[in-house]
Amino acid sequence: MASLFSGRVLIRNNSDQDELDTEAELSRRLENRLVLLFFGSGSCPQCQAFAPILRDFFVKLTDEFYVLRAAQLALVYVSQDPTEKQQDLFLKDMPKKWLFLPFEDDLRRDLGRRFSVKRLPAVVVLKPGGDVLTRDATDEIRRLGPACFANWQEAAELLDRSFLQPEDLDDPAPRSLTEPLRRCKYRVDPAARGKRGPGGEGGAEGGAGELF
């Protein structure tokens, strides 16, 4: 997963704005985690409305005030803000564990094209190996809240067999009654795996801001 940001700098959204600028630091923050790419903008009313929902979703999964152990989850804010000042204002009240790209980094725009983001806000969910688990999870996060993570985690384990112990690869036992439903919902077409261009699903329906 860290390879997506290889040679780039990610910044922690804390008071010191610590920079993750080495492969070791990026790996420590991103490897073996589900990664959310949050495409948003402070100038987008829909993003302003969604941001508190996403903030609470993330905090309830990663803050040890709510959970005994933080979920294996990372979030990178991919700013589509027109100015750095607006980006800073948007991030001001967001969790300190969020990461973001420097405003001057063109990767902010490149990632939007790479993952076929058409509307804002959009949350692309990536498996630990870098494959897309869902093109836009905004509606799912609104409806289900933190329960999304259990769905994604189980689906990622089903789709990426590197999660399983070697002796379990041939016929892993179901972990829940809903596993077959998740298997269908998050099935990845092998032919589409690895595609990084147009052809993915669009953004969240209903009043989302246009992007490209």
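Keep in mind that what you see is a predicted model, and the values were worked out from it rather than measured.
At a threshold of 4.5 Å between side-chain heavy atoms, the hydrophobic network of Ile, Leu, Val, Met, Phe, Trp and Tyr places Phe100 and Phe103 in two separate groups. Under the 4.5 Å side-chain heavy-atom criterion for grouping Ile, Leu, Val, Met, Phe, Trp and Tyr, Ile141 is not connected to Val59 through any hydrophobic cluster.
Put simply, CD on Glu23 and CG on Leu30 are 10.5 Å apart, with the number rounded to the nearest 0.5 Å. Within the model, atoms CG of Leu73 and CD of Gln153 stand 10.0 Å from one another, a figure rounded to the nearest 0.5 Å. Arg114 CZ to Leu37 CG: the interatomic distance, rounded to the nearest 0.5 Å, is 9.5 Å. To the nearest 0.5 Å, the span separating CD on Gln72 from OG1 on Thr62 amounts to 12.5 Å. Summarising the geometry, atom CZ belonging to Arg143 is positioned 12.5 Å from atom CD1 belonging to Ile53; distances are rounded to the nearest 0.5 Å. Between the CG atom in Asp106 and the CZ atom in Arg108 there is a gap of 8.0 Å [rounded to 0.5 Å].
A donor-acceptor pair under 3.5 Å links the side-chain atoms of Thr83 to the main chain of Gln86, judged by distance alone. Using a distance-only test at 3.5 Å, with no hydrogens or angles considered, a donor-acceptor pair links the side chain of Asn14 to the main chain of Gln17. In this structure, Arg12 contributes its side chain and Leu99 its backbone to no donor-acceptor pair below 3.5 Å. Looking only at distances, no side-chain donor or acceptor of Asp16 sits under 3.5 Å from a matching main-chain atom of Asp18. Using modelled atom types, one side-chain atom of Asn13 and one backbone atom of Leu91 make a donor-acceptor pair closer than 3.5 Å. Side-chain atoms of Thr22 come within 3.5 Å of backbone atoms of Glu25 as a donor-acceptor pair (strictly under, hydrogens ignored).
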Phe149/Leu144 under side-chain contact (heavy atoms from CB on, under 4.5 Å): CA gap, chis, key distance, verdict: CA-CA 9 Å; Phe149 181 76; Leu144 300 179; over 6 Å; no

Stepwise side-chain contact (heavy atoms from CB on, under 4.5 Å) test for Phe58 and Met94: CA-CA 10 Å; Phe58 184 84; Met94 296 300 111; over 6 Å; no

Residues Gln80, Arg109; criterion side-chain hydrogen bond (donor to acceptor under 3.5 Å, both in side chains); working and verdict: CA-CA 7 Å; Gln80 305 300 304; Arg109 301 291 179 183; 3.0 Å; yes

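Between Lys60 and Asp56, no side-chain nitrogen of the basic residue sits less than 4.0 Å from a carboxylate oxygen of the acidic one, so the salt-bridge criterion is not met. A salt bridge does not link Asp88 to Lys85: none of the charged side-chain nitrogens sits closer than 4.0 Å to a carboxylate oxygen. For the pair Asp93 and Arg55, the salt-bridge criterion is not met [side-chain N within less than 4.0 Å of a carboxylate O].
When each of Leu61, Val35, Leu54, Val123 is paired with Leu75, the side-chain contact (heavy atoms from CB on, under 4.5 Å) condition holds for Leu54 and for no other.
Asp136 approaches Ala122 most closely through the heavy-atom pair OD1-CA, 3.5 Å. Closest approach of Phe57 to Gly145, counting heavy atoms only: CE1-O, 3.2 Å. Contact detail for Leu111 and Phe5: the closest heavy-atom pair is CD1-CE2, 4.0 Å. Across every non-hydrogen atom of Arg8 and Asp105, the tightest pair is NH1-OD1, 2.6 Å. Nearest approach of Leu34 to Lys127, heavy atoms of both residues: CD2-CA, 3.9 Å. Nearest approach of Ala156 to Leu133, heavy atoms of both residues: N-CD1, 4.5 Å.
Sorted by first and then second residue, the pairs that involve residues 33-44 and meet side-chain hydrogen bond (donor to acceptor under 3.5 Å, both in side chains), not counting sequence neighbours, are Ser41-Ser43, Ser41-Asp81.
Ring to ring, Tyr77 and Phe90 are close: their centroids are under 6.0 angstrom apart.
Between Leu101 and Leu10, some side-chain heavy-atom pair lies under the 4.5 Å cut-off. A heavy-atom distance below 4.5 Å is found between the side chains of Asn151 and Glu140. Phe50 places none of its side-chain heavy atoms less than 4.5 Å from the side chain of Cys47.
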